[in-house]
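Notes for the one structure printed next.
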2 protein chains.
Amino acid sequence: MLGCLGRGVIMTEHKIRNMEEFSAKCGVSRPTVSKYFNDPNSVRKSTRDRIEAALEKFDFRPNVYAVNQNRRLTKNIGIVVPFVADPFFAELARNIERRCIDAGFSPSTFSAHGSVEHENEILETLRSMRPAGVLLAPLGRASDKRKIESFCENVPTVLFDCNIEGIGVPFIGSNNFQSVPLMVDYLCRTGEPPCFFEMAPVNPNANKRRDAYRLAMERLGHEPKILRVEGQGWEFESIGYGGGMRAFAEGGFGSSTVLCSNDRLAIGLLAAAYESGVRVGLGAGCSLRVAGHDDHPFSRFTCPSLTTMAQDYKAISERSVETLLALIEGGSADDSALSGLFDGHLVLRASA
Amino acid sequence: MLGCLGRGVIMTEHKIRNMEEFSAKCGVSRPTVSKYFNDPNSVRKSTRDRIEAALEKFDFRPNVYAVNQNRRLTKNIGIVVPFVADPFFAELARNIERRCIDAGFSPSTFSAHGSVEHENEILETLRSMRPAGVLLAPLGRASDKRKIESFCENVPTVLFDCNIEGIGVPFIGSNNFQSVPLMVDYLCRTGEPPCFFEMAPVNPNANKRRDAYRLAMERLGHEPKILRVEGQGWEFESIGYGGGMRAFAEGGFGSSTVLCSNDRLAIGLLAAAYESGVRVGLGAGCSLRVAGHDDHPFSRFTCPSLTTMAQDYKAISERSVETLLALIEGGSADDSALSGLFDGHLVLRASA
DNA sequence: GCCCATACTTTACGCGCGTAAAATTTATAT
DNA sequence: ATATAAATTTTACGCGCGTAAAGTATGGGC
């Protein structure tokens, strides 16, 4: 490729193979270049300029594998969500990714796709990646608690969205005991007190929401009514649909207001209502009100649009990353003291 | 940790630090162990058994960074989708991931989150990962064509879902010229010929679907009617909703049947119809039929449920991975000859 | 002008493993 | 039993970079 004739007319820049060659082009020693890549501000401005000038001409990048092999701690951060096909988690992951990049780390996102086996595989993979830290939203009840626990002992980890209680790991999530009562209160003010529509709980959030519902109802002097539908897995819409169809066939919910454990369940229920000829909403001719929880990205586009409790995506992702970075910096500081729960806010739409 | 008293009662298995130590525990040489990890069947059964026995006792795993540094080609495969918050892509990615793992590779999935900058970042990251191959679903029109082209020259790549034409890279996707005419034909048989509802095309698929619609209509002796709505970005539902609201306000679509360029657009349109008091479906009292394209995971739960063309997820993911593996094996074989388009099938639901 | 802190260079070692070549063992065929 | 092929061990080198130590250059303050 490079002409040997020595004409020197067009000196084809032969590819830089390693940091040694690159440092030669800079007129700077390799260790200094190495220092530069670890922290550009750790070298004098004049040398920084020389390196960056050469960087534009040759676009060299240190070999990630060699770098990570030799660093005590890699700059990798693992992000694990239970089910990325749920736009709620996709959105959360996107936010978190961005923040990690901005903090100078290299995030890699994994989805357990709803399966424990896959979640365990991911933890194994993550282990061998020796990440600086991990942001983990576990499957929940289905998770292999011991594996997660032993993982957290070896890798700085922050749990988000779904807690695994009693393992002393920081947790960032939503405050269900604030959000659910707020919704219950709104629903009671504006119509018949709601019943609670849930599936077999996949995680602590589901349990807390039910408990919060019960408490809120009792505090308002109403009798809680809980309707649990069958079904498992992560096809919540399908479960909500099936449960809805059966309830409508058997004569309704025992209340003209239904508070769903989450939006996806509500989406299924709305489909069932539509198919059953039950008009949902506030207007005349409507016989049912439906509310959800989470402000799922699609809840704006349901028919009718879904009244729901918005989780504070931004705060959760921001605080999760902050907490992890603090954990990475400060060694293994006091753990669960770093936990944080965020309030949600009411999103009033047409369904309730 | 390890008692120094020599009692030997409980010999705490001190952590294996590297392959050297591990091979000692096996009573096998390190190069042989190395061979084993590259291909367990490349060593004699007796030694394989010894290694695997030790493997259970010490759960040693080769350092991924050291491995990848020294191998000519890593076992990594990059998977890139334009927007993972779209469950369609999440589903595709999940399928592809699984197949890569089964083939003995380590997939990492990335989402461009709808932004070119992010897509380019991902390509850079991917480059420094020196992957064996990459499965890339580009953003489409928004993509930086030159960067993708230069990337494909250096890394074995298979495009899926969305083609970048004229760069000689294998492409696996859906056959829009089969699927759209099929839908058009069905709609014409059962009611008024459809108009076509689209947004500014984000990728070649959108263009092809429109062209296929036009052709199909002309072939059936009907006049094509195309309604393009404004809006950009990846919030298709929102665009469909906005376009729908305006169309209903201005007196409809010029046909009582609307074929949408994709399901997400249709989901937005259905929301607009509902809000505008327009009944969608086949039954009495319905004034509009709506059909989509893709069999989006949520299209079962729209109100009414959405009649659509199902893309063959399984075939696309399977063939994409197969093609990439062939590309990896056979060096840079004849490229675009490996392309493949798959037929879709009609999914009849309540909306049309 | 000297002193000293800082930044840099040189030199050197190690990380954990792939991989090649040569010597040796083991299994299979004759 | 002997020849032959296959598998394994030994030995050795290299990958690209982090990092430490010791020496050299740089620059600011007095």
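Proteins get letters first, then strands, A, B, ... in listed order; numbering begins at 1 in each.
- Contact annotation: the side chain of A/Glu119 never approaches that of A/Asp144 to less than 4.5 Å [non-hydrogen atoms, C-beta and beyond].
- The listed nucleotides are C/dC17, D/dG18, D/dT8; the one nearest the side chain of B/Thr32 is D/dT8.
- At the heavy-atom level, B/Phe22 lies nowhere under 4.0 Å from the strands shown.
- Between A/Arg71 and A/Arg130 there is no side-chain heavy-atom pair separated by less than 4.5 Å.
- Comparing D/dT8, C/dG18, D/dG16 against the side chain of A/Asn70 picks out D/dG16 as the nearest.
- Distance from the side chain of B/Lys35 is smallest for D/dT8 among the nucleotides D/dT19, D/dT8, D/dC17.
- Nearest nucleotide to the B/Val28 side chain, out of D/dT9, D/dC17, C/dG18: D/dT9.
- Looking at the side chain of B/Ser29, the nearest of the listed nucleotides D/dT9, C/dT10, D/dC17 is D/dT9.
- Look at B/Ser34 and you won't find any side-chain N or O under 4.0 angstrom from OP1 or OP2 of C/dC17.
- Rounding to whole angstrom units, OH of residue B/Tyr36 and P of C/dC17 are separated by 15 Å.
- One atom, CD of A/Glu20, and another, P of D/dC15, lie 11 Å apart when rounded to the nearest Å.
- Distance CZ (B/Arg50) to P (C/dT26): 10 Å, rounded to an integer number of Å.
- A/Val81 places none of its side-chain heavy atoms less than 4.5 Å from the side chain of A/Phe110.
- Distance CG (B/Asp49) to C1' (D/dA7): 15 Å, rounded to an integer number of Å.
- The side chain of A/Phe60 sits closest to D/dC17 out of D/dT10, C/dC17, D/dC17.
- Contact annotation: the side chain of A/Met19 approaches that of A/Phe60 to within less than 4.5 Å [non-hydrogen atoms, C-beta and beyond].
- When the nearest nucleotides of DNA chain D are assigned to B/Ser42 and A/Pro31 by heavy-atom distance, the more 5′-ward of the two goes with B/Ser42.
- Taking the side chain of B/Met19 as heavy atoms from C-beta on, and the options D/dT19, D/dT8, C/dC17, the nearest nucleotide is C/dC17.
- Rounded to whole Å, the distance from CZ on A/Arg30 to P on D/dC15 is 13 Å.
- Partner of A/Tyr36 under the side chain to side chain donor-acceptor pair (under 3.5 Å) criterion, out of A/Arg48, A/Arg50, A/Glu52: A/Glu52 alone.
- If you check distances only, the side chain of A/Arg44 never reaches the base of D/dG27 with a donor-acceptor pair under 3.5 Å.
- At whole-Å resolution of the value, CD in B/Glu21 and C1' in C/dC17 are 14 Å apart.
- Between C/dC8 and A/Thr47, a contact under 4.0 Å exists linking OP1 or OP2 to a side-chain N or O.
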